[in-house]
Amino acid sequence: MREITPRTIMEMKGKEKIAMITAYDYPSALIADRAGMDIVFIGDSLGMVVYGEPNTLAVSMDQMVLHTRAVAKAVKRALVLADMPFGSYEVDVEEGIRNAIRLIQAGADAVKIEGGYDHKKLVKRLVRMGIPVMGHTGLTPQRYLRLGGYRLMGETEEEIEEILRDAKALEKAGAFAVVLEFTLADVAKLVTEEVSIPTIGIGAGPYVDGQVLVWHDILGIYENVPPFVKKYADIGGMIRLALENYREEVKNGSFPAKEHYWEFLDKEDFRRKTRNVLERLSEDD
Ligand SMILES: Nc1nc(=O)c2c([nH]1)NC[C@@H]1CN(c3ccc(C(=O)N[C@@H](CCC(=O)O)C(=O)O)cc3)CN21
Ligand SMILES: CC(C)C(=O)C(=O)O
Ligand SMILES: [Mg+2]
C-alpha cells in the first residue's frame, strides 16, 4: 500500500493543493515520486509525447498496461493513477470494468475516465468493487474529432452546464476527484465550489484544488506544448548538447579515453596467447 491514497487526496481539498504530474516510464516515475508529487499519472497523452501520434485516439490498453507496470514499479509514496484509453470503456460497462481491472493489476491505485454524466453507471460499479475512479471534464481530448481540435471550454451556457453536470454526476457516483481541462478559470472556480470532491486543473486557472501537467511539456522535451504550459527546464536542450558533445568526441577520437577501456598490461603475454589462438583456429579448417 502506498502512502497517498484516494482518501488522502480527498482530505486535501481546501487545505493543501494537490500536485500531479504524468510519467510514462520507470526512471521518470522514480524522480517524480522522490520529488514529492502527490499523484503520478500514466496519461493517454503518452500516445502523443512518447509515441508521436497527433492525438490520443490510437492509444491501446496494451500500451497503458505496459507503461503502468513500469511506473508502478518505481513509485513508493505517491498515488499511481492510470488513464482509461479511448475505446476501453465506451462500448459497455462490462468491458470498462474488465479494462480497469487490467490497469489495477498492472499496479495502478486508481483509474481515470473522460466524461462524467455519461459514465455514471461505470463509475458506480468500479467504486463498489473497490476501484477508485477520477473523472475528467472540460476539454476531453478523446472527443478530438468531434470538437475539431483542442480548444478552451466553458464559454457558452451549454458548455458550463455540461461541465457542472459531469462534475456533480462524478461526485454522486463516488469518484474521488475530477480533472478540469482547459476551461475558463471562472468555470473551474464554480465547479470547485459546487462539488465536495477535489478538482485538479490543467489550463483551468488557480481556483482549483490541484494542478496536473504533462512531463515532457514542463521539462522542455516536447515541441507542440499547449498554451497553458509553464516550462520549468530545458531538458531537450541539455540532451541535444550532450549528444552533440558525444558525437564530436567519437568523430575526433577523444572518446573513449583511458578511464573508459581496459587493455593487457603485459603485451608479451597477449602476443603469446594470440599466437596460440591463431594456431588452433588454422588447425580447425
Ligand atoms: N503534450 C501534451 N500536453 C497536454 O497538456 C495534453 C496533451 N499532450 N494531449 C492531450 C491533451 C490535449 N491538450 C491540449 C493540446 C493543445 C492545446 C492547444 O494548443 N490549443 C491551441 C489551439 C490548438 C488548435 O486549435 O490547433 C490554443 O491556442 O488554444 C490545448 C490543449 C492538453 N493535453
Ligand atoms: C492532460 C491530462 C489530464 C491527461 O488526461 C493525460 O495526460 O492524458
Ligand atoms: Mg488523458
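Just follow the structure's listing: the first ligand is 1, and inside any ligand the first atom is 1. On a predicted model such as this, the values are computed, not experimentally measured, just so you know.
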- Item | Taking atom 28 (O) of ligand 1 as the reference point, the nearest protein heavy atom with its distance | Pro227 CG, 3.6 Å
- Touching ligand 1 at all, Tyr144? Heavy atoms, strictly under 4.0 Å? no
- Checking side chain to side chain contact (heavy atoms under 4.5 Å, CB included) against Val133, which of Leu122, Leu126, Leu81 comes through? Leu126
- Item | Donor + acceptor pair across side chains of Gln142, Asp44 (<3.5 Å) | yes
- Task: Starting from atom 1 (N) of ligand 1, find the nearest protein heavy-atom neighbour and note its residue, name and distance.
- Result: Asp217 OD1, 2.9 Å
- Stacked cation flag Lys120 on Tyr117, 6.0 angstrom / 45 deg: yes
- Message: Counting only nitrogen or oxygen atoms and a 3.5 angstrom limit, does Lys112 reach ligand 2?
- Response: yes
- Task: Provide the number and element of each atom of ligand 2 under 4.0 Å from a heavy atom of Gly43.
- Result: 6 (C), 7 (O), 8 (O)
- Message: Centre-to-centre under 6.0 Å for Tyr144 and Tyr150, is that the case here?
- Response: yes
- Message: Assigning hydrophobic clusters by single linkage (Ile, Leu, Val, Met, Phe, Trp, Tyr; side-chain heavy-atom cutoff under 4.5 Å), is Val80 placed with Met10?
- Response: yes
- Answer yes or no: is there a side-chain heavy-atom contact under 4.5 Å between Lys13 and Thr192? yes
- Item | Close side-chain approach of Phe41 to Val214, heavy-atom, < 4.5 Å | no
- Message: Can you check atom 26 (O) of ligand 1: any protein non-hydrogen atom closer than 4.0 Å?
- Response: no
- Of all protein heavy atoms, the one nearest atom 32 (C) of ligand 1 is Glu181 OE2, 2.8 Å
- Of the protein's non-hydrogen atoms, which lies at the shortest distance from atom 2 (C) of ligand 2, and what is that distance? Phe41 CE2, 3.7 Å
- Contact partition for Leu46 relative to ligand 2, non-hydrogen atoms under 4.0 Å: neither
- With salt bridge (Lys or Arg N to Asp or Glu O under 4.0 Å) as the test, would you mind laying out the steps for Glu193 and Lys189 before giving the verdict? CA-CA 6 Å; Glu193 290 166 353; Lys189 181 169 187 282; 3.1 Å; yes
- Closest N/O/S atom of Asp83 to the Mg ion (ligand 3), by atom name? OD2
- atom 10 (C) of ligand 1 sits nearest the protein heavy atom Pro141 CG, 3.9 Å
- Item | Positive for side chain to side chain contact (heavy atoms under 4.5 Å, CB included) with Phe182, one of Pro141, Pro226, Pro227 | Pro227
- Just let me know how Asp44 lines up against ligand 2, side chain, backbone, both or neither, with a heavy-atom cut-off below 4.0 Å. both
- For Ser45, is at least one N or O under 3.5 Å away from an N or O on ligand 2? yes
- Query: Do any of the N, O or S atoms of Asp44 sit under 2.8 Å from the Mg ion (ligand 3)?
  - Reply: yes
- For ligand 1, find out whether one of its N or O atoms is nearer than 3.5 Å to an N or O atom of Thr56. no
- Message: Checking contacts here: is it the side chain or the backbone of Thr56 that comes within 4.0 Å of ligand 2, counting heavy atoms only? Could be both or neither.
- Response: neither
- Query: Which part of Glu114 is near ligand 2, with near meaning a heavy atom under 4.0 Å away: side chain, backbone, both or neither?
  - Reply: neither
- Out of curiosity, is Gly149 lining ligand 1, as in a heavy atom under 4.0 Å away? no
- Message: Pair Lys112, Asp83 - check salt bridge (Lys or Arg N to Asp or Glu O under 4.0 Å), show working.
- Response: CA-CA 5 Å; Lys112 180 166 80 56; Asp83 242 347; 2.8 Å; yes
- Would Ser45 and Tyr24 count as having a side-chain donor-acceptor pair, cut-off 3.5 Å? yes
- Tell me which protein heavy atom sits closest to atom 5 (O) of ligand 1, plus the residue, atom name and distance to 0.1 Å. Pro226 CG, 3.4 Å
- Between Tyr26 and His67, does the ring centre distance come in under 6.0 Å? no
- Please state which part of Val225 comes within less than 4.0 Å of ligand 1, counting heavy atoms only: side chain, backbone, both or neither. neither
- Message: I need the nearest protein heavy-atom contact for atom 22 (C) of ligand 1: residue, atom name and distance, please.
- Response: Tyr150 O, 3.7 Å
- Item | Heavy-atom check, side chain of Met20 versus side chain of Met134, under 4.5 Å | yes
- With heavy atoms under 4.0 Å as the rule, classify the contact between Tyr222 and ligand 1 as side chain, backbone, both or neither. side chain
- Hey, mind stepping through Arg125 and Glu94 against salt bridge (Lys or Arg N to Asp or Glu O under 4.0 Å) and telling me if it holds? CA-CA 9 Å; Arg125 289 280 303 275; Glu94 310 304 316; 3.4 Å; yes
- Query: Does ligand 1 have an atom under 4.0 Å from some heavy atom of Met48?
  - Reply: yes
- Item | Under 4.0 Å to a heavy atom of Thr22 - the qualifying atoms of ligand 2, by number | 7 (O)
- Task: Show which atoms of ligand 1 fall inside a sub-4.0 Å distance from at least one heavy-atom site of Ile202.
- Result: 5 (O)
- Item | Protein contact of atom 1 (C) of ligand 2 - nearest heavy atom, named by residue and atom, plus distance | Ile202 CD1, 3.6 Å
- Between Met12 and the options Asp38, Ile4, Asp209, the side chain to side chain contact (heavy atoms under 4.5 Å, CB included) test singles out Asp38
- Query: For Ser88 and Asn99, does a side-chain donor sit closer than 3.5 Å to a side-chain acceptor?
  - Reply: no
- Examine the proximity of ligand 1 to Leu139 and report which part, side chain or backbone, both or neither, has a heavy atom under 4.0 Å away. side chain
- Message: Residue-level breakdown please: for His216 versus ligand 1, do any non-hydrogen atoms fall below 4.0 Å on the side chain, on the backbone, on both, or on neither?
- Response: neither
- Task: Please step through salt bridge (Lys or Arg N to Asp or Glu O under 4.0 Å) for the pair Glu244 and Arg240, ending with a clear verdict.
- Result: CA-CA 6 Å; Glu244 284 171 358; Arg240 169 94 187 248; 2.6 Å; yes
- Can you sort out which atoms of ligand 1 are near Val49, meaning under 4.0 Å from one of its heavy atoms? 1 (N)
- Message: With respect to Asp83, determine whether any N or O atom, backbone or side chain, lies less than 3.5 Å from an N or O atom of ligand 2.
- Response: yes
